[in-house]
Chemist: 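What follows is a single structure, and I will ask about it in a moment.
Because the structure is predicted, anything quoted here is derived from the model rather than measured.
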There are 2 protein chains.
Amino acid sequence: MHIILFITFSTTMKPKKRTTIYDIAEKLNITASSVSRALNNSSHVNEETKKLVLKTAAELNYKRNILASNLRKGESKTIGIVVPRINQNIFSNVIAGIEETTYSKDYNLIICQSNESHEKEVKSINALINQHVDCIVISVAAEGNDYSHLQNVIDHGIKLIQFDRVADELETLKVLNDNHQASLEGITHMIEQGYKRIALLEGPQNLDIFRQRKQGYLEALKLHNLPVIDELIIENAWTKELGADATRKLLSLAEPPDAIFASTSDFSALGVLEVATSMGIKVPSELGILGYSNEPFTELTSPSITTIDQFSHYMGKTIANLYFQESENKESPVVPRTISVKPKLIIRASTSRRSYQ
Amino acid sequence: MHIILFITFSTTMKPKKRTTIYDIAEKLNITASSVSRALNNSSHVNEETKKLVLKTAAELNYKRNILASNLRKGESKTIGIVVPRINQNIFSNVIAGIEETTYSKDYNLIICQSNESHEKEVKSINALINQHVDCIVISVAAEGNDYSHLQNVIDHGIKLIQFDRVADELETLKVLNDNHQASLEGITHMIEQGYKRIALLEGPQNLDIFRQRKQGYLEALKLHNLPVIDELIIENAWTKELGADATRKLLSLAEPPDAIFASTSDFSALGVLEVATSMGIKVPSELGILGYSNEPFTELTSPSITTIDQFSHYMGKTIANLYFQESENKESPVVPRTISVKPKLIIRASTSRRSYQ
DNA sequence: TTTATAAATGCAATCGATTGCACATAATTT
DNA sequence: AAATTATGTGCAATCGATTGCATTTATAAA
């Protein structure tokens with residue numbers, strides 16, 4: 001990789017002192033109190049003074065020091081978000097959804113990535129507590145099962161909203177997908193398409209969402225009187241590579257599966273597809289594939305991948321609204337509640353055995 | 001979409017007052033000064049006291065109030081990032097790159113999306129100035145050509161680093177791709193593959209990067225004595241839909257192109273591919289396609305799309321390092337300079353006419 | 001033992017904005 | 001004209017942490 005460095009030319013430092021309300025006050029021969037009131041549009045200032053202050057503030061390029069303001073007011077108008085990775089479909093959409101709603105209310109978002117590491121998650125949470133954020137929105141990392149850092153958030157009087165991957169034992173606001181239902185519907189669809197030996201790639205079972213998806217899978221089999229075959233259930237296959245490995249293993253069984261449910265993610269499903277394709281196994285006729293999350297790429301692969309949409313953008317908006325609704329009635333106690341969004345099965349080519357061939 | 005609401009049970013509010021250094025001081029019968037010094041690991045405290053303070057702080061679950069600290073110290077250990085969209089490959093990678101480097105130094109990132117809107121960009125910048133961030137990293141929105149808000153950043157003594165899409169006239173630190181060179185190489189490759197009528201889908205020409213890509217295209221044609229054909233150059237085709245529209249138009253020409261360079265993005269290239277496929281035109285034999293950005297999906301389409309990788313993760317790390325390097329020597333003036341990263345052509349099936357068929 | 005030096009701590013001001021309380025002036029009511 | 005009520009300002013404390021300067025205490029040197 002080449003790096004080219006152009007030195008253009010130099011300019012002098014500007015250690016410029018920022019204008020404060022005192023500067024404005026001095027210039028107008030009034031006190032800082034009045035300036036503050038004017039800037040906050042208080043009714044206790046003369047209209048004239050208000051205009052004058054606003055005008056002068058603009059002239060002096062005044063910018064309110066939020067640090068000072070927040071310190072005094074004890075709030076920060078900031079929401080912290082901790083997610084495993086910002087570039088996963090569900091997370092970037094949730095963030096975008098939150099942002100849309102909070103933006104209009106002049107809230108800031110501080111976004112942290114845990115990279116699935118528990119240690120980093122804890123560090124991020126602590127940083128956010130230090131920052132005095134008003135609310136923390138989190139989807140927990142796969143790693144770790146000690147949630148005292150989240151309890152700590154509550155103990156600090158900071159609102160906590162969990163989504164998607166939640167620590168079930170904590171009594172907080174939760175916004176979830178109904179993973180069980182989605183999984184059940186997905187598998188039912190596959191059975192209807194004639195698949196009989198459906199393998200499951202499961203995610204870390206310490207996370208509730210993956211347990212639920214497994215339950216949905218098991219229930220669907222049961223409902224249709226299909227046996228649960230242990231060798232068709234593979235643990236922790238939740239990246240593309242692990243999905244590929246699992247697939248190689250499954251397809252080399254004496255009795256290989258005729259379908260694979262990559263319950264962990266579409267990335268895993270992609271691994272399945274790639275291995276199947278490279279082995280010359282036809283999808284969906286010889287092997288059905290079901291993913292999870294409706295990543296954008298699932299409609300681009302050939303064949304396109306059947307998956308489950310989580311309405312993640314909507315979830316984000318729900319989270320933000322929940323926060324604002326909650327902060328309005330400050331007196332009343334927080335009622336821990338769970339909002340469950342029903343995901344939608346997106347049927348594409350990778351499971352459409354009947355209609356395709 | 002179904003929403004199910006479970007009311008679990010209620011718990012009481014905890015308006016809990018947070019512990020401050022004064023609480024610790026009181027408990028230990030010393031002053032806040034000493035506590036502060038202990039917590040900051042100053043050499044002017046007794047080792048005993050230091051240990052005692054640290055122990056008590058832990059016991060009382062003390063968390064430093066960063067707002068107060070920052071207010072006093074006049075810094076924020078926060079970097080603001082403004083990008084058009086966080087879920088575009090280059091941006092999420094740059095952010096991840098910045099984060100990796102800043103994380104270890106206990107910096108926070110505040111991430112804003114402009115959604116390509118100039119107004120929102122200005123608002124975000126103002127919010128970041130208010131926040132007293134130490135540095136703002138920006139890739140400007142397509143909309144707008146007035147950059148006084150960025151000048152304002154500098155005037156407030158905040159470091160400004162531009163990347164990818166920059167306002168050229170501002171003398172700031174810049175981290176760029178050599179778009180011209182990348183474009184030149186890409187087109188040269190296409191010419192070598194035998195394409196002769198290469199169309200260009202260009203981006204908003206108020207952005208430097210798109211102008212450069214066009215220049216590279218023109219230069220490549222010139223070098224190989226190919227004519228520049230006006231009707232093969234389409235303006236502002238930079239979403240999937242616009243790319244598709246442009247392609248329909250191009251392919252219905254009396255003399256249609258035999259290749260299309262979607263210089264704006266891979267999304268646009270995807271639109272090209274979809275239209276071509278639906279029209280039964282074979283890629284790459286009848287139509288070559290070159291995209292830009294190396295979005296993950298480009299290797300998943302069939303055929304896979306030739307594109308240009310921008311080393312975005314590396315760019316992010318470069319940006320962060322640049323900032324730290326710059327803040328170390330506070331005395332010396334900021335030298336505006338440009339770091340240009342050379343992108344890499346990723347040759348895939350969509351242009352491989354020679355080797356494929 | 002006295003003096004010089006170092007180490008540890010306290011005091012008080014500071015960062016910038018906000019806000020309860022007091023006060024003065026103007027407007028309104030009896 | 002006197003009494004009452006708005007209205008607009010100022011004063012000063014406050015939010016929590018930091019830090020220069022002063023002071024005390026402990027230690028080393030004379």
Side-chain angles (χ1 to χ4, degrees), chain A residues 15-54 56-57 60-78 106 129-134 156-157, chain B residues 15-54 56-57 60-78 106 129-134 156-157:
Chain A
K16 194 167 288 193
K17 177 96 173 34
R18 298 165 68 129
T19 24
T20 69
I21 50 171
Y22 296 97
D23 300 326
I24 300 178
E26 194 176 18
K27 182 151 185 186
L28 295 179
N29 239 19
I30 54 180
T31 49
S33 323
S34 297
V35 175
S36 172
R37 281 189 266 256
L39 292 171
N40 287 294
N41 204 23
S42 152
S43 56
H44 292 282
V45 227
N46 189 298
E47 275 304 322
E48 290 295 304
T49 343
K50 196 179 286 183
K51 271 182 207 156
L52 217 53
V53 168
L54 259 38
T56 318
L60 298 179
N61 197 11
Y62 169 80
K63 289 269 166 2
R64 169 193 271 117
N65 186 329
I66 299 271
L67 295 178
S69 172
N70 289 343
L71 173 59
R72 176 59 227 252
K73 294 202 286 193
E75 61 163 32
S76 67
K77 280 207 164 198
T78 299
D106 277 321
I129 297 178
N130 284 353
Q131 279 287 331
H132 272 218
V133 296
D134 296 333
H156 275 89
Chain B
K16 193 169 290 190
K17 177 95 172 31
R18 297 166 68 132
T19 20
T20 69
I21 50 170
Y22 296 98
D23 300 326
I24 300 177
E26 194 175 18
K27 183 152 183 185
L28 294 179
N29 239 16
I30 53 178
T31 50
S33 324
S34 297
V35 176
S36 173
R37 282 189 266 256
L39 292 172
N40 287 294
N41 205 22
S42 152
S43 56
H44 293 280
V45 228
N46 189 299
E47 275 304 322
E48 290 294 303
T49 343
K50 196 179 284 182
K51 270 183 206 156
L52 218 51
V53 168
L54 259 38
T56 316
L60 298 179
N61 197 11
Y62 168 80
K63 290 267 163 12
R64 167 194 272 119
N65 186 330
I66 299 271
L67 296 179
S69 172
N70 289 343
L71 174 59
R72 178 58 228 255
K73 294 201 285 192
E75 62 164 31
S76 66
K77 280 205 164 200
T78 300
D106 278 320
I129 297 178
N130 283 352
Q131 280 287 332
H132 271 219
V133 296
D134 296 335
H156 275 90

Chemist: A:L39 and A:Y62: which non-hydrogen atoms are nearest, and at how many Å?
Modeler: CD1-CE2, 3.6 Å
Chemist: Please list, chain by chain and in numerical order, all residues satisfying side-chain hydrogen bond (donor to acceptor under 3.5 Å, both in side chains) with B:R64, sequence neighbours excluded.
Modeler: B:N40
Chemist: Counting only heavy atoms and a strict 4.0 angstrom limit, can you tell me which residues of residues 25-32 of chain B come near DNA chain D?
Modeler: none
Chemist: Are the side chains of B:T19 and B:I24 in touch, meaning some heavy atoms are under 4.5 Å apart?
Modeler: no
Chemist: Kindly indicate whether the side chain of A:Q131, heavy atoms from C-beta on, has any atom under 4.5 Å from the side chain of B:T78.
Modeler: yes
Chemist: In chain order, what residues pass the side-chain hydrogen bond (donor to acceptor under 3.5 Å, both in side chains) check against A:D134, with sequence neighbours excluded?
Modeler: A:S76
Chemist: Can you name the side-chain contact (heavy atoms from CB on, under 4.5 Å) partners of A:K51, sequence neighbours left out?
Modeler: none
Chemist: So how far off straight is the helix from C:dT1-D:dA30 to C:dT30-D:dA1, going by the axes through five pairs at either end, to 10°?
Modeler: 40°
Chemist: What residues, two or more places apart in sequence or in another chain, satisfy side-chain contact (heavy atoms from CB on, under 4.5 Å) together with A:N29?
Modeler: none
Chemist: State which residues pass salt bridge (charged side-chain N to carboxylate O under 4.0 Å, His left out) with B:K50; sequence neighbours excluded, sorted by chain then number.
Modeler: B:E47
Chemist: Mind checking what makes side-chain hydrogen bond (donor to acceptor under 3.5 Å, both in side chains) contact with A:N46, not counting sequence neighbours?
Modeler: none
Chemist: What are the 5'-most and 3'-most nucleotides of DNA chain C lying under 4.0 Å from any heavy atom of chain A?
Modeler: C:dG16 to C:dG20
Chemist: For DNA chain C, find the residues of residues 42-54 of chain A with a heavy-atom distance under 4.0 Å and give them by number; none if there aren't any.
Modeler: none
Chemist: On a heavy-atom basis, which atom in A:I21 and which in A:S36 lie closest, and how many Å separate them?
Modeler: CD1-CB, 4.4 Å
Chemist: List for me each residue that meets salt bridge (charged side-chain N to carboxylate O under 4.0 Å, His left out) alongside B:K27, sequence neighbours excluded, and say none if there are none.
Modeler: B:E59
Chemist: How would you list, by chain and number, every residue that makes a side-chain hydrogen bond (donor to acceptor under 3.5 Å, both in side chains) with B:N70, sequence neighbours excluded?
Modeler: none
